[in-house]
Amino acid sequence: MSGFEHDPVMVAEIAEIFDAVPPGTIVDATLGAGGHSAALLERRADIDVIGIDRDADAIAAARERLERFADRVRTSRCRFDEIDVAVARHGVGSISGALFDLGVSSPQLDRAERGFSYRSAGPIDMRMDDRQRWSAADVVNGYERDELARVIRRHGDERFARRIADAIVGARPVESTTQLAEVVTSAIPAPARRTGGHPAKRTFQAIRIEVNSELEVLPDALDRAMAATVTGGRVAVLSYHSGEDRIVKERFAVAAGACDCPHDLPCVCGAVQTVRIVRGVAKRASATEQAANRRSASARLRVVEKIDPTPKAER
């Protein structure tokens with residue numbers, strides 16, 4: 001399948017979530033290899049899918065995998081914050097739901113030439129869209145030390161961000177992913193290297209997020225998805241680290257009518273509830289799935305359902 005194969009996370013739970021939505025179009029905003037879309041299309045004959053991805057390899061693989069569903073599948077190569085544009089491009093006015101499976105896919109990590117992996121030698125790239133001129137090399141070899149440390153700390157939750165940034169700046173030019181991994185590892189104290197997986201994991205994650213503006217575009221993408229969804233439709237998000245999950249939780253809370261007004265007084269801030277939170281606590285993958293698919297171990301699933309707009313003062 002075009003060499004782009006990927007085990008979708010929590011696929012049974014995702015399929016069940018969308019059992020409740022009205023017939024119509026579901027947007028798979030992170031199409032990948034099409035695993036989640038295939039499950040949704042197999043489960044319900046009354047829905048179709050618009051798949052969005054900025055990775056050309058993913059689009060090609062998904063089209064091949066989903067070919068049997070014929071005109072029930074349409075694709076757009078774009079960022080997920082362009083969800084409203086993609087939907088309009090296909091002549092769809094509103095959607096029955098949207099799915100976001102955030103982060104990086106296994107095929108992207110497995111292909112050394114994409115530059116995402118700290119285990120395989122490759123260029124320092126990390127672009128999800130190869131049409132983009134900006135790459136990880138610009139961050140690694142171009143950012144000033146303080147800015148680089150900020151990125152590593154903010155996007156990677158890395159407590160040794162300053163030491164790592166110092167080491168990267170001192171090693172410039174850094175020319176390969178394996179060299180970068182070695183530089184990062186050398187900057188982390190030996191006792192800390194023995195726990196928490198590969199020492200370079202958080203730094204690579206942080207640089208990838210920075211290059212692809214992943215957290216920057218997520219709030220708008222979620223807001224636009226919820227706005228496009230019909231009453232009774234659902235928006236589901238799988239996130240894999242705390243920065244993503246914080247944004248998802250915050251945007252869902254705002255749409256659910258969160259405000260700062262005292263609970264015992266009328267609302268004066270104008271908050272309007274447009275969704276209900278389907279599950280208050282993020283759902284995690286089963287122990288069985290975590291054992292079979294390591295990527296699922298950090299997954300957190302949050303879901304909202306669209307309702308008729310209700311001002312908080314009326315609730």
Going by atom types only, do Ser76 and His90 share a side-chain donor-acceptor pair under 3.5 Å? yes

So how far is it from Arg145 CZ to Ile168 CD1, rounded to the nearest 0.5 Å? 12.5 Å

Nearest-0.5 Å distance, CD1 of residue Ile50 to CD1 of residue Ile95: 8.0 Å

Do Val87 and Thr25 make a side-chain contact, defined as non-hydrogen atoms from C-beta onward lying under 4.5 Å apart? no

Under 4.0 Å between a Lys/Arg side-chain N and an Asp/Glu carboxylate O for Asp129 and Arg79? no

Working note: Glu244 + Val237, criterion side-chain contact (heavy atoms from CB on, under 4.5 Å); need CA distance, chi angles, decisive distance, verdict. CA-CA 10 Å; Glu244 293 171 342; Val237 184; over 6 Å; no

Check the side chains of Tyr143 and Glu210 for a donor-acceptor pair under 3.5 angstrom, ignoring hydrogens and angles. yes

Does one hydrophobic cluster hold both Ile207 and Tyr118, with members joined at side-chain heavy-atom distances below 4.5 Å? yes

Min side-chain heavy-atom separation Leu238-Arg300 under 4.5 Å: no

What distance separates Asp28 CG from Asp101 CG, expressed to the nearest 0.5 Å? 8.0 Å

If you define the side chain from C-beta out and look only at heavy atoms, does anything of Arg72 sit under 4.5 Å from Val49? no

cation_pi(Arg43, Phe18) dist<6.0 Å, angle<=45: no

Interatomic distance, OG@Ser296 vs CZ@Arg284, rounded to 0.5 Å, equals 9.5 Å

Please list, chain by chain and in numerical order, all residues satisfying salt bridge (charged side-chain N to carboxylate O under 4.0 Å, His left out) with Arg68, sequence neighbours excluded. Glu42

Is there a side chain to side chain donor-acceptor pair (under 3.5 Å) between Thr185 and Arg193? Walk through the geometry before answering. CA-CA 7 Å; Thr185 299; Arg193 297 179 208 160; over 6 Å; no

Do Asp19 and Arg44 pass the salt bridge (Lys or Arg N to Asp or Glu O under 4.0 Å) test, and can you show the C-alpha distance, the side-chain angles, and the key distance before you say yes or no? CA-CA 8 Å; Asp19 275 348; Arg44 290 190 57 176; 5.5 Å; no

Got a donor-acceptor contact below 3.5 angstrom from the Asp223 side chain to the Arg251 backbone? no

Shortest non-hydrogen separation from Ala271 to Gly257 and the atoms involved: CB-O, 3.7 Å

Is there a donor in the side chain of Ser176 and an acceptor in the side chain of Thr178, or the other way round, less than 3.5 Å apart? yes

Salt bridge check, Arg127 against Asp55: does any charged N sit closer than 4.0 Å to a carboxylate O? no

Which of these, Ile247, Leu102, Ile209, sits in a side-chain contact (heavy atoms from CB on, under 4.5 Å) with Glu214? Ile209

Residues that Arg163 engages under salt bridge (charged side-chain N to carboxylate O under 4.0 Å, His left out), provided they are two or more places apart: none

Quick one, Val303 and Lys283 - any side-chain contact, counting heavy atoms below 4.5 Å? no

Residues Asp157, Ser242; criterion side chain to side chain donor-acceptor pair (under 3.5 Å); working and verdict: CA-CA 8 Å; Asp157 295 324; Ser242 58; 2.6 Å; yes

Closest non-hydrogen atom pair, Ser117 against Thr177: O-CB, 3.3 Å

Test log, rule salt bridge (Lys or Arg N to Asp or Glu O under 4.0 Å), inputs Asp7 and Arg294: CA-CA 10 Å; Asp7 292 329; Arg294 288 186 302 171; over 6 Å; no

Give, for atom CD of Gln132 and atom CZ of Arg54, the distance between the pair rounded to the nearest 0.5 Å. 7.0 Å

Would you please test Arg302 and Asp245 for salt bridge (Lys or Arg N to Asp or Glu O under 4.0 Å) and show each step? CA-CA 9 Å; Arg302 296 187 185 274; Asp245 191 54; 2.7 Å; yes

Begin from the C-alpha positions of Arg276 and Glu305 and carry the test salt bridge (Lys or Arg N to Asp or Glu O under 4.0 Å) through to its verdict. CA-CA 5 Å; Arg276 72 174 184 88; Glu305 183 174 299; 3.4 Å; yes

Just to verify, what does Arg172 make a salt bridge (charged side-chain N to carboxylate O under 4.0 Å, His left out) with, not counting sequence neighbours? none

Hey, could you give me the CZ/CG distance between Phe116 and Asp125, rounded to the nearest 0.5 Å? 7.0 Å

Side-chain heavy-atom pair Val275, Phe252 within 4.5 angstrom cut-off: no

Heavy-atom check, side chain of Arg234 versus side chain of Val304, under 4.5 Å: no

Following the transitive rule for hydrophobic clusters with a side-chain heavy-atom cut-off under 4.5 Å over Ile, Leu, Val, Met, Phe, Trp and Tyr, establish whether Phe100 and Leu215 coincide in one cluster. yes

Side-chain (Glu250) to main-chain (Arg246) donor-acceptor, under 3.5 angstrom: no

Quick check: is Val9 connected to Leu218 through a chain of hydrophobic side chains (ILVMFWY, heavy atoms under 4.5 Å apart)? no

Less than 4.5 Å apart, any side-chain heavy atom of Arg208 and any of Phe204? no

Pairing of Arg114 and Asp57 as salt bridge, 4.0 angstrom limit: yes

Just so I know, are the side chains of Ile124 and Ser135 near enough to count as touching, which here means a heavy-atom distance under 4.5 Å? no

